[in-house]
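The figures here come from the full heavy-atom set of this structure, side chains too, leaving out hydrogens, waters and symmetry mates. Keep in mind that this is a model prediction, so the values were computed, not measured.
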Amino acid sequence: MKQVTFTLSATDGMARRGRIDTPRGEINTPAFMPVGTAGTVKAMYPEQVRDTGADILLGNTYHLMLRPGAERVASLGGLHTFMNWERPILTDSGGFQVMSLAKLRKLTERGVTFKSHIDGSAYELTPERSIEIQTLLDSDIIMQLDECIALPAERKEMERAMELSIRWADRSKTAFNNQQNRMLFGIVQGGDDAELRSRSAAGLQSIGFDGYSIGGLAVGEPQEVMFRVLSDITPELPADKPRYLMGVGKPDDILGGIERGVDMFDCVHPTRAGRHGHAYTRFGVINLKNARHRDDHRPLDEASPNPNCRRWSRAYLHHLVKTEEILGAMVLSQINLAYYQELTARARAAIEAGRMTDFAAETRAAWAAGDL
Ligand SMILES: CNc1nc2cc(C(=O)NN)ccc2[nH]1
């Protein structure tokens, strides 16, 4: 009996409100998943991540297999115990980061061999090994291994990578061995080509997965290309399974993804931008490095439900950022993650109330008004 299940509770246009129930707790969708790359959401205590409203966080297989190693994490009780986050975790397959971080990569039908970007040691990642690693981490939602290519790309190259990814999807499903306590997602590839994307979606569905990721986007293409691919492909995915747009994105990417039927998102942007002095607010992003904030005694947003947006002046936040004080990274990471959770929580409420169109218009108007 599958212990991880998805229930769709409301739709408004293509937007969906749902819930994934897992033995470790529920995931309300649309959901934003903070990225806990190497077993930590950078500059945040796990309790703080939960307090921003996150139901689930993401772990990166590539980083964890290199350090501290999947077998070591398993011997220490699994990733939840290791990092003291007892709610759901989604892990990626490692494929994307092998292609973007690792050295001396060699890709064959079997899998990919590479040298660690940390110490040069040699590794192999196959569909079977990726499933084994994610199972050793005791992840609640795991990904097939696929090949994600950068855009723009030749159609032949997009087709080759998409067809390889379907063969790897089949091997991943076999290696998954129908585990009942976690979900396995297939990953739709095919670049920006509608026909290749359709073939990928159909191929994955004939294998059968608990959920469907849309991969190979936010890899250099313009936003309108990403949105076109989403509008074309989500209607071709099963309505009763979660859809996860990998690596996306900024707030306007997420709003557009929700409007096009996406249920789950992950991105390093809120935490990375926070470490670089950028604060996300309901009127858009504020670059606190800018000298114009030097004497500004106003809080970031006195109407925000987040105390961290009210308790310090912009001048102080500017000071923390300019001096590269650790507190700056801590505060802005929390502010940005809390904003992303507020955005998705308001989207869930809007879909339930049948007012997604108004919500999207109001949100974009506030961003455009930009009282920065
Ligand atoms: C930041 N952009 C971005 N695109 C991604 C695509 C994938 C993917 O297709 N994995 N199989 C993963 C992470 C990504 N992050």
Participant: Check the hydrophobic clustering (I, L, V, M, F, W, Y; side-chain heavy atoms under 4.5 Å; chains of links allowed) and say if Met183 and Leu137 are grouped together.
Facilitator: no
Participant: Hey, does the side chain of Ser139 reach the backbone of Thr91 with a donor-acceptor pair shorter than 3.5 angstrom?
Facilitator: yes
Participant: Give me the atom names and distance for the closest heavy-atom approach of Ile166 to Ile207.
Facilitator: O-CD1, 3.8 Å
Participant: Without swapping roles, check the side chain of Ser213 against the backbone of Phe185 for a donor-acceptor pair under 3.5 Å.
Facilitator: no
Participant: So, Asp146 side chain and Ser165 main chain: donor-acceptor pair closer than 3.5 Å or not?
Facilitator: no
Participant: In Å and rounded to the nearest 0.5 Å, what is the CE to SG distance from Met162 to Cys148?
Facilitator: 14.0 Å
Participant: Would you confirm whether Gln144, through its side chain, and Ser93, through its main-chain N or O, come within 3.5 Å as a donor-acceptor pair?
Facilitator: no
Participant: Would you mind checking if Arg355 and Glu362 are paired as a salt bridge, meaning a charged N to carboxylate O distance below 4.0 Å?
Facilitator: yes
Participant: Flag the pair Asp263 and Lys241 as a salt bridge only when some basic side-chain nitrogen lies within less than 4.0 angstrom of an acidic carboxylate oxygen.
Facilitator: no
Participant: Would a 4.5 Å heavy-atom cut-off, applied to side chains only, mark Ile142 and Ile131 as touching?
Facilitator: yes
Participant: Give a yes or no on whether Arg294 atom CZ has more than 12 heavy-atom contacts from other residues, nucleotides or ligands under 6.0 Å away.
Facilitator: no
Participant: Given Tyr316 and Leu327, is the side-chain contact (heavy atoms from CB on, under 4.5 Å) satisfied, shown in steps?
Facilitator: CA-CA 11 Å; Tyr316 181 67; Leu327 182 61; 3.5 Å; yes
Participant: Any carboxylate oxygen within less than 4.0 angstrom of a Lys/Arg side-chain nitrogen, looking at Arg199 and Glu195?
Facilitator: yes
Participant: If we only count heavy atoms from C-beta on, is the Arg182 to Thr135 side-chain gap below 4.5 Å?
Facilitator: yes
Participant: Identify whether the distance between the nearest side-chain nitrogen and carboxylate oxygen of Glu352 and Arg348 falls below 4.0 Å.
Facilitator: no
Participant: List the atom pairs, donor and acceptor, that lie under 3.5 Å between side-chain atoms in residues 34-45 and the rest of the protein, sequence neighbours left out.
Facilitator:
none

Participant: Looking only at the aromatic ring of each residue, does the gap between the centers of Phe114 and Tyr123 stay below 6.0 angstrom?
Facilitator: yes
Participant: Any sub-3.5 Å donor-acceptor pair from Arg310's side-chain atoms to Ser304's backbone N or O?
Facilitator: yes
Participant: Should Gln334 and Asp51 be marked as a side chain to side chain donor-acceptor pair (under 3.5 Å) after you check the CA-CA gap, both sets of side-chain angles, and the distance that decides it?
Facilitator: CA-CA 9 Å; Gln334 191 278 340; Asp51 289 347; over 6 Å; no
Participant: Does the side chain of Arg16 reach to within under 4.5 Å of the side chain of Ile351, using non-hydrogen atoms?
Facilitator: no
Participant: Between Asp301 and Arg282, is there a salt bridge with N-O shorter than 4.0 Å?
Facilitator: yes
Participant: What distance do Leu145 atom CG and Trp168 atom CH2 have between them, rounded to the nearest 0.5 Å?
Facilitator: 5.0 Å
Participant: How about Arg67: does its CZ atom have over 12 heavy atoms from other parts shown lying under 6.0 Å from it?
Facilitator: no
Participant: Rounded to the nearest 0.5 Å, how far does OG1 of Thr281 lie from CG of Asn336?
Facilitator: 9.5 Å
Participant: Determine, step by step, whether Ile20 and Val4 satisfy the side-chain contact (heavy atoms from CB on, under 4.5 Å) criterion, reporting the C-alpha distance in whole Å, the side-chain angles of both residues, the deciding distance to 0.1 Å, and the verdict.
Facilitator: CA-CA 7 Å; Ile20 300 173; Val4 189; 3.8 Å; yes
Participant: Under a 3.5 Å distance rule, please check whether Asp266 uses its side chain to pair with a backbone N or O of Gly247 as donor and acceptor.
Facilitator: yes
Participant: For the residue pair His80 and Asp140, establish whether any side-chain heavy-atom pair is separated by less than 4.5 Å.
Facilitator: yes
Participant: Going through the checks in order, is the salt bridge (Lys or Arg N to Asp or Glu O under 4.0 Å) test met by Glu71 and Arg129?
Facilitator: CA-CA 12 Å; Glu71 280 73 10; Arg129 177 60 180 157; 3.0 Å; yes
Participant: Minimum heavy-atom separation for Asp12 and Met356, please, with both atom names.
Facilitator: OD2-N, 2.8 Å
Participant: Between His63 and Gln97, is there a side-chain heavy-atom distance shorter than 4.5 Å?
Facilitator: yes
Participant: Kindly compute the distance separating CD1 (Ile149) from CD (Glu154), expressed to the nearest 0.5 Å.
Facilitator: 10.0 Å
Participant: Do Leu66 and Met143 land in one hydrophobic cluster if side-chain heavy atoms of ILVMFWY residues count as linked below 4.5 Å?
Facilitator: no
Participant: If Ile, Leu, Val, Met, Phe, Trp and Tyr residues are connected whenever their side-chain heavy atoms lie under 4.5 Å apart, and connections chain through other members, are Val331 and Ile286 in the same group?
Facilitator: yes
Participant: Under 4.0 Å between a side-chain nitrogen and a carboxylate oxygen: does that hold for Glu47 and Arg50?
Facilitator: no
Participant: Regarding Glu236 and Arg197, does a basic nitrogen lie under 4.0 Å from an acidic carboxylate oxygen?
Facilitator: no
Participant: Under the side-chain contact (heavy atoms from CB on, under 4.5 Å) rule, what do Leu57 and Met33 come out as? Steps first, then yes or no, please.
Facilitator: CA-CA 5 Å; Leu57 59 79; Met33 303 182 284; 5.8 Å; no
Participant: Carefully, step by step, assess Thr126 and Arg110 under the rule side chain to side chain donor-acceptor pair (under 3.5 Å).
Facilitator: CA-CA 6 Å; Thr126 63; Arg110 178 181 160 80; 5.5 Å; no
Participant: Measuring only between side-chain heavy atoms, which start at C-beta, is Val285 closer than 4.5 Å to Tyr339?
Facilitator: no
Participant: Look at the aromatic rings of Tyr212 and Phe209 and report parallel, tilted or perpendicular, splitting at 30° and 60°.
Facilitator: perpendicular
Participant: Can you name the closest pair of heavy atoms from Phe265 and Val248 and give their distance?
Facilitator: CB-O, 3.2 Å
Participant: Can you get from Met264 to Ile258 by hopping between Ile, Leu, Val, Met, Phe, Trp and Tyr side chains that sit under 4.5 Å apart?
Facilitator: no
Participant: Is it the case that atom CD in Glu224 sees more than 12 heavy atoms from other parts of the structure closer than 6.0 Å?
Facilitator: yes
Participant: Let me confirm one number: the CZ-CD1 distance from Phe96 to Ile187, rounded to the nearest 0.5 Å.
Facilitator: 11.0 Å
Participant: Scan side-chain atoms only and decide if Arg17 and Ser9 contain a donor-acceptor pair under the 3.5 Å cut-off.
Facilitator: no
Participant: Can you find a heavy atom in the side chain of Gln48 that is under 4.5 Å from one in the side chain of Met330?
Facilitator: no
Participant: Passes side-chain contact (heavy atoms from CB on, under 4.5 Å), Trp367 versus Leu255? Steps please.
Facilitator: CA-CA 12 Å; Trp367 289 338; Leu255 184 59; 3.9 Å; yes
Participant: Is a donor on one side and an acceptor on the other found under 3.5 Å between the side chain of Asn60 and the backbone of Tyr62?
Facilitator: no
Participant: Hey, does the side chain of Ser130 reach the backbone of Pro127 with a donor-acceptor pair shorter than 3.5 angstrom?
Facilitator: no
Participant: Is there a donor-acceptor pair closer than 3.5 Å between any side-chain N or O of Arg260 and the backbone N or O of Gly256?
Facilitator: yes
Participant: Using 4.0 Å as the upper bound for N to carboxylate O, is an ion pair formed by Glu109 and Arg167?
Facilitator: yes
Participant: Using a 3.5 Å distance criterion without hydrogens, assess whether the side chain of Gln180 forms a donor-acceptor pair with backbone atoms of Gln3.
Facilitator: no
Participant: Could you walk me through whether Glu342 and Arg346 pass the salt bridge (Lys or Arg N to Asp or Glu O under 4.0 Å) check?
Facilitator: CA-CA 6 Å; Glu342 193 184 329; Arg346 288 173 189 267; 2.9 Å; yes
Participant: Grouping I, L, V, M, F, W and Y whenever their side-chain heavy atoms are under 4.5 Å apart, do Leu8 and Ile214 come out in a common cluster?
Facilitator: no
Participant: Determine whether Asp192 and Glu221 make a side-chain contact, defined as any pair of heavy atoms from C-beta on separated by less than 4.5 Å.
Facilitator: no
Participant: Are Lys250 and Asp252 ion-paired here, with the side-chain N under 4.0 Å from a carboxylate O?
Facilitator: no
Participant: Linking Ile, Leu, Val, Met, Phe, Trp and Tyr by side-chain heavy atoms under 4.5 Å, what else ends up with Leu104?
Facilitator: none
Participant: Parallel, tilted or perpendicular for Tyr280 and His269, by the 30°/60° rule?
Facilitator: perpendicular
